[in-house]
A.B. asks: 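This is the structure I have questions about; it appears just below.
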Amino acid sequence: MTSLSADDSYLDHYGFSHDPFAARVPGFKFFPAQRKPVLGQLHHLARYSQLLLVVTGPEGSGKTLVRQALVASSNKQAVMSVVITPQSTADSSAVLQQIGQALNIQHADFDGVMAQIVQLALTGQEVYLLVDDAEQLTGAAVETLLRLAAGSPEARPHVFLFGEDSLVSRLEALVEGEERFHVIALQPYEEDETREYLAQRLEGAGAGLETLSEEQIARIHEQSGGWPGAINLVAREELIEAIKHSKTRKATKGWPFPLPMKHLLAVLAVLCIIAVAFLLRGGEDEPEVQTNTPLALGNAPRSAPESAAGPVTPPESPSKIEFETPAAAANTDSARTAAVEPAEDVSEENSASITHQDGAAPSPAVTQKEAPAPVAQPAPEPVVPETPAPKTPEVVRPAAQPAPAAPAASAHSAWYAEQGGNRYLVQILGTRTEKNAQALVAQRGSDYRYFVKEHEGKPLYVVTFGNFANRAAALAAIKTLPAALQSGKPWARSFASVQKEMRK
């Protein structure tokens, strides 16, 4: 895939100041923990050993990075570093020519080079000869470097070869069993070291490790085999793929339905017709409920003289008076049965519904004869005054739901903004649920806070710990965290990167 190191859309999408996974990035420091012991070993052997030193590893294993770090960490006052990078197969004369140019000598042969190295040693200056891509050297060139590493009694240069594993077998054939060189083989990163390497690369570009998900980090480590060069390639591919997926989601988000537009309009029309039918049906039922209420209220005074059963009858009388008008016409057994049924039901609504269904009102005479039976109905009738029960909608829950008004990390946002960008904190975890972040902060104390950022189109609540003067202090604080928090792999980051995320 084409490199997007200079692609503005790639940088703008993630807010990078530069491509964090380019081969050369500004201000990159030699950080990987596993390579630091190698660097220290090289300095130690250069001081106390008389052997030629060889650093091996496959392409992308970080050999060039170690060589750069060795030069950068050497004492510039006491060491002159001569870096040789063969562009193609380099023989002995080509190697001596490059060394002669760096040492400012006219006769670039073996004796002339050694004479200049002795002169520099007399002034207290050592010479480091560092050869990158040393597998491109011819056999004669390798043999010349072995002779230079052996030196003379007066002085000797320190020779470092950085190349692939095949270089070792060539050296073994030349020394014929003598101990004239020492090999340091680089190893791939463990997953934790891959995580640290990714974090430093991203922080250097103004972002953080949360740019990558845990699944992406695991994929990067697995596909790269833990080699730094491959990590850079796979990590960039992961970020580019994430951009493609986000664009695809946005494109499909506007019209997620697979049906054509005309079919959807037809479905909507049918739904509208059904909704209107339900509304009309509901409108017909409403007047029936309302007509009973005024009748009951209007006839209530008449029920008092008709009932001799005391104060229990008045609530029942409205239904009786409702049937008195057509009373004489329907004095049959069926009408008598219809009148008895409502008396058995304690619900006034059931009584009214039977009245409506029969059409021909049941005989009021029968209802009056069976007046003793309805005496069992005072229980539902007191419910009539409680018909204001429909006011329950006034207690609708939405009014008592100010939950969304909970402080959405704004309580801490001002604090993050006030801190110096060059200070550091420890990022504990990120969660999609703000209550989880609030609970952790409340449980752990005032040194814990959280802020909100947007990640993959959704809010992510990030819990942090402390406020430290530098990265070293933040890393030291990680070791003091409880084991439960350390298991989540917390990491140190700058306030500048947090403030940038919050501004987005």
Side-chain angles (χ1 to χ4, degrees), residues 5 10-11 14-40 57 60-73 186-214 216-221 223-239 242 421-430 453 462 464-466 468-479 486 488-501:
S5 57
Y10 169 66
L11 301 181
Y14 293 103
F16 293 149
S17 59
H18 59 265
D19 183 355
F21 300 110
R24 300 285 185 272
V25 294
F28 182 73
K29 298 177 182 178
F30 186 74
F31 173 79
Q34 195 189 87
R35 300 297 184 254
K36 286 183 178 178
V38 174
L39 184 61
S61 59
K63 299 184 296 295
T64 300
L65 184 62
V66 174
R67 191 262 298 161
Q68 291 172 341
L70 180 61
V71 173
S73 58
L186 298 180
Q187 300 298 320
Y189 294 159
E190 299 292 336
E191 185 168 353
D192 288 345
E193 293 169 329
T194 299
R195 183 188 300 273
E196 292 178 3
Y197 178 81
L198 291 169
Q200 197 213 5
R201 284 276 185 167
L202 289 167
E203 284 184 9
L209 187 60
E210 68 278 2
T211 305
L212 296 166
S213 66
E214 289 299 320
Q216 287 176 312
I217 294 173
R219 271 198 307 273
I220 290 169
H221 178 72
Q223 295 178 15
S224 66
W227 296 110
I231 290 173
N232 292 340
L233 294 175
V234 178
R236 187 186 294 108
E237 291 294 331
E238 284 286 342
L239 293 177
N422 59 346
R423 296 184 68 83
Y424 279 78
L425 49 74
V426 175
Q427 179 165 317
I428 302 297
L429 57 82
K453 56 170 282 188
V462 182
T464 67
F465 167 71
F468 306 98
N470 49 52
R471 180 184 177 86
L475 291 173
I478 293 177
K479 299 177 181 179
Q486 289 194 37
K489 304 296 182 186
W491 55 284
R493 60 180 303 188
S494 65
F495 273 93
S497 65
V498 172
Q499 292 161 358
K500 186 172 183 178
E501 289 182 352

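No experiment lies behind these values; they were computed from the predicted model shown. Along the sequence shown, residues carry numbers from 1.
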A.B. asks: May I have the step-by-step check of side-chain contact (heavy atoms from CB on, under 4.5 Å) for Arg493 and Leu425, ending in yes or no?
C.D. replies: CA-CA 6 Å; Arg493 60 180 303 188; Leu425 49 74; 3.5 Å; yes
A.B. asks: So, for Ala207 and Ser497, which heavy atoms are closest and what is the spacing to 0.1 Å?
C.D. replies: O-CB, 3.9 Å
A.B. asks: How far apart are the closest heavy atoms of Ile217 and Arg195, and which atoms are they?
C.D. replies: CD1-NH1, 3.8 Å
A.B. asks: Taking all non-hydrogen atoms of both residues into account, name the closest pair between Leu198 and Ala235 and its distance.
C.D. replies: CD2-CB, 3.9 Å
A.B. asks: Report the C-alpha distance between Gln68 and Leu65 in whole Å, list the side-chain angles of each, state the deciding distance to 0.1 Å, and finish with yes or no for side-chain contact (heavy atoms from CB on, under 4.5 Å).
C.D. replies: CA-CA 5 Å; Gln68 291 172 341; Leu65 184 62; 4.0 Å; yes
A.B. asks: Is there a side-chain contact between Glu203 and Gln200 in this structure, where contact means two heavy atoms from C-beta onward sitting under 4.5 Å apart?
C.D. replies: no
A.B. asks: I need the minimum non-hydrogen distance between Gln187 and Arg35, along with the two atoms involved.
C.D. replies: O-NH1, 2.8 Å
A.B. asks: Could you tell me if the side chain of Val462 sits less than 4.5 Å from the side chain of Val498, heavy atoms only?
C.D. replies: no
A.B. asks: What's the spacing between Lys500 NZ and Ser494 OG if we round to 0.5 Å?
C.D. replies: 10.0 Å
A.B. asks: Hey, are the side chains of Asn232 and Arg201 touching, using non-hydrogen atoms and a 4.5 Å cut-off?
C.D. replies: yes
A.B. asks: Is there side-chain contact between Trp227 and Leu233, with heavy atoms separated by less than 4.5 Å?
C.D. replies: no
A.B. asks: Measuring from atom CG of Asp192 to atom NE2 of His221, what distance do you get when rounded to the nearest 0.5 angstrom?
C.D. replies: 9.0 Å
A.B. asks: If I take atom CD1 from residue Ile231 and atom CD from residue Glu238, how far apart are they, to the nearest 0.5 angstrom?
C.D. replies: 12.5 Å
A.B. asks: How close do Trp491 and Gly208 get, counting heavy atoms only, and between which atoms?
C.D. replies: CH2-CA, 3.6 Å
A.B. asks: What orientation do Tyr14 and Phe16 show, parallel under 30°, tilted 30 to 60°, or perpendicular over 60°?
C.D. replies: parallel
A.B. asks: Are the side chains of Val234 and Arg219 in touch, meaning some heavy atoms are under 4.5 Å apart?
C.D. replies: no
A.B. asks: Identify the two heavy atoms, one from Phe495 and one from Tyr424, that lie closest to each other, and give their separation to 0.1 Å.
C.D. replies: CE1-O, 3.5 Å
